[in-house]
Number of protein chains: 2
Amino acid sequence: MTVSKTSSQDQAKQVTPVGFDEESGALQLGELSELLGYSLKRAQLKVFEDFLRCMAPLQLTPAQFSVLLLLDKNPGRNQTEIANTLGILRPNFVSLLDALESRDLLTRMRSPSDRRSHVLMLTDKGRATLIRAKKLVATRHEARLIEVLGPAEHKALLGMMAKIAREF
Amino acid sequence: MTVSKTSSQDQAKQVTPVGFDEESGALQLGELSELLGYSLKRAQLKVFEDFLRCMAPLQLTPAQFSVLLLLDKNPGRNQTEIANTLGILRPNFVSLLDALESRDLLTRMRSPSDRRSHVLMLTDKGRATLIRAKKLVATRHEARLIEVLGPAEHKALLGMMAKIAREF
DNA sequence: TGATAATCGTTATGAGATATATCAAATAGA
DNA sequence: TCTATTTGATATATCTCATAACGATTATCA
């Protein structure tokens, strides 16, 4: 997930796997293309890659963006609550917050009611950055996805992913 | 992706993220649920998790399974060709093959025509294991997915994933 | 032919994400 | 009160993914 190396990989031997190219290697994929996990992971990597590319001006990773999104909708929560909601383990959440806080996008404040916990809040800069980030996601990232899939399939895909993540 | 720890995580604090549970934390997800990359990664982790659970009797990871599948359809290829097709870098492919070869599921043979390269072939045990693995995937893993999504959506999902992996 | 470059499998190594154990401070519960 | 739990943090281990470089072999071509 190296953000800055996107352009230096261009002439690497075989950065993009050839698995979905039919003609190049003349290799038979066989049942591999019916293996959902396989294509699911491939697709996920591509989507994250595109996200980073689209978000390059703001230097936000998907995880960082999701933290900002969640804090905007849920101000005043502590680290444990936000981390759990995002499926991030608390020890790993610390450095993620360090990075965002050092960029003045959010603040950690000791809670007056429970002085163990840190109340998390977006700063003004954090809110402004989030607005810009949302625009980048909508106009570049989602737009490209919709362009490839079509609006109907794009919406259906969102529903299916949520269903798997929820019920599977 | 720890295979053997599936059962020891049962009483961990918050292994399963609460992001898709609506009632538990009372946290507003907001636009997070519309972020494809977010749900895509969640879904991918769930699918891999289920794959490992279903494949536990044979102790095969998704990557190992895909190697066996590909070798079955393309015998006599060398390491570079298989690795490239799967999007695995050749240095990382070495230990993957070591594991499968030490289990006598495949063989590395010096090619007579080009003695730099190794010709890869499934062993009899490898073919037999692959047959059993395919059955496990079909009857457990895919069956569960189809149960959750329905056959039509499951098929549509495969198509969309392949499309993203190919065109995105 | 002989010198140079490229390829194959491999090793070593580093970065990044992810997991566990443990700690001090603070709080909750008996 | 005394004990147990929770919170954020640190240290650390593991796993995945990526690059550089090596010996052996083959290809290129002057």
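Owing to the predicted nature of the structure, the values given are computational and were not obtained by experimental measurement.
Put simply, CZ on A:F48 is 16 Å from P on C:dG16, counting in whole angstrom units. With rounding to whole Å, A:D98 atom CG is found 11 Å from D:dT10 atom C1'. Between the P atom of D:dA20 and the CG atom of B:N92 lies a distance of 14 Å, rounded to the nearest Å. For B:N78 and D:dT25, the CG to P distance is 16 Å, given to the nearest whole Å. What separates CZ of A:R90 from P of D:dT6 is a distance of 10 Å, to the nearest Å. Per the geometry, CG belonging to B:L96 stands 9 Å off P belonging to D:dT16, to the nearest Å. Spacing between atom CG of B:L52 and atom C1' of D:dT16 amounts to 14 Å, rounded to whole angstrom units. Protein atom CD of A:Q79 is 11 Å distant from nucleotide atom P of D:dT10, rounded to whole Å.
Residues B:L158 and A:S39 are in side-chain contact: their nearest non-hydrogen atoms beyond the backbone lie under 4.5 Å apart.
An OP1 or OP2 oxygen of D:dT16 is reached within less than 4.0 angstrom by no side-chain nitrogen or oxygen of A:K41. Within the structure, a side-chain polar atom (N or O) of A:T80 is placed less than 4.0 Å from OP1 or OP2 of D:dG8. For A:S117 and D:dT6, the shortest distance from a side-chain N or O to OP1 or OP2 is not below 4.0 Å.
Nearer to the 5' terminus of DNA chain C, by closest-nucleotide assignment, is the contact made by B:V119 (compared with the other of B:V119 and A:R116).
Near DNA chain C, defined here as any heavy-atom distance below 4.0 Å, the residues from residues 103-115 of chain A are A:D114, A:R115, listed numerically.
Note: B:Y38 and A:F65 fail the aromatic proximity criterion, with ring centroids not under 6.0 Å apart.
Listed by chain and number, the residues in a salt bridge (Lys or Arg N to Asp or Glu O under 4.0 Å) with A:K134 are B:E31 (sequence neighbours excluded). The side chain to side chain contact (heavy atoms under 4.5 Å, CB included) test applied to A:T129 returns A:L58, A:L60, A:L105, A:K125, not counting sequence neighbours.
Pairs engaging residues 82-135 of chain B under the ring pair (Phe, Tyr, Trp, His ring centres under 6.0 Å) rule: none recorded [sequence neighbours left out]. Note on residues 107-116 of chain A: pairs passing salt bridge (Lys or Arg N to Asp or Glu O under 4.0 Å), not counting sequence neighbours, are A:D98-A:R108, A:E101-A:R108, A:D114-A:R116.
With C:dA21, C:dT10, D:dA18 as the choices, the nucleotide that has an atom nearest any side-chain atom of B:L89 turns out to be D:dA18.
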Enumerate, atom names and distances included, each donor-acceptor pair closer than 3.5 Å involving a side-chain atom of residues 137-146 of chain B, sequence neighbours excluded.
| residue | atom | partner | partner atom | Å |
| --- | --- | --- | --- | --- |
| B:T139 | OG1 | B:K135 | O | 2.8 |
| B:R140 | NH1 | B:C54 | O | 3.4 |
| B:H141 | ND1 | B:D50 | OD2 | 2.6 |
| B:E142 | OE1 | B:H154 | NE2 | 2.8 |
| B:R144 | NH1 | B:D50 | OD1 | 2.6 |

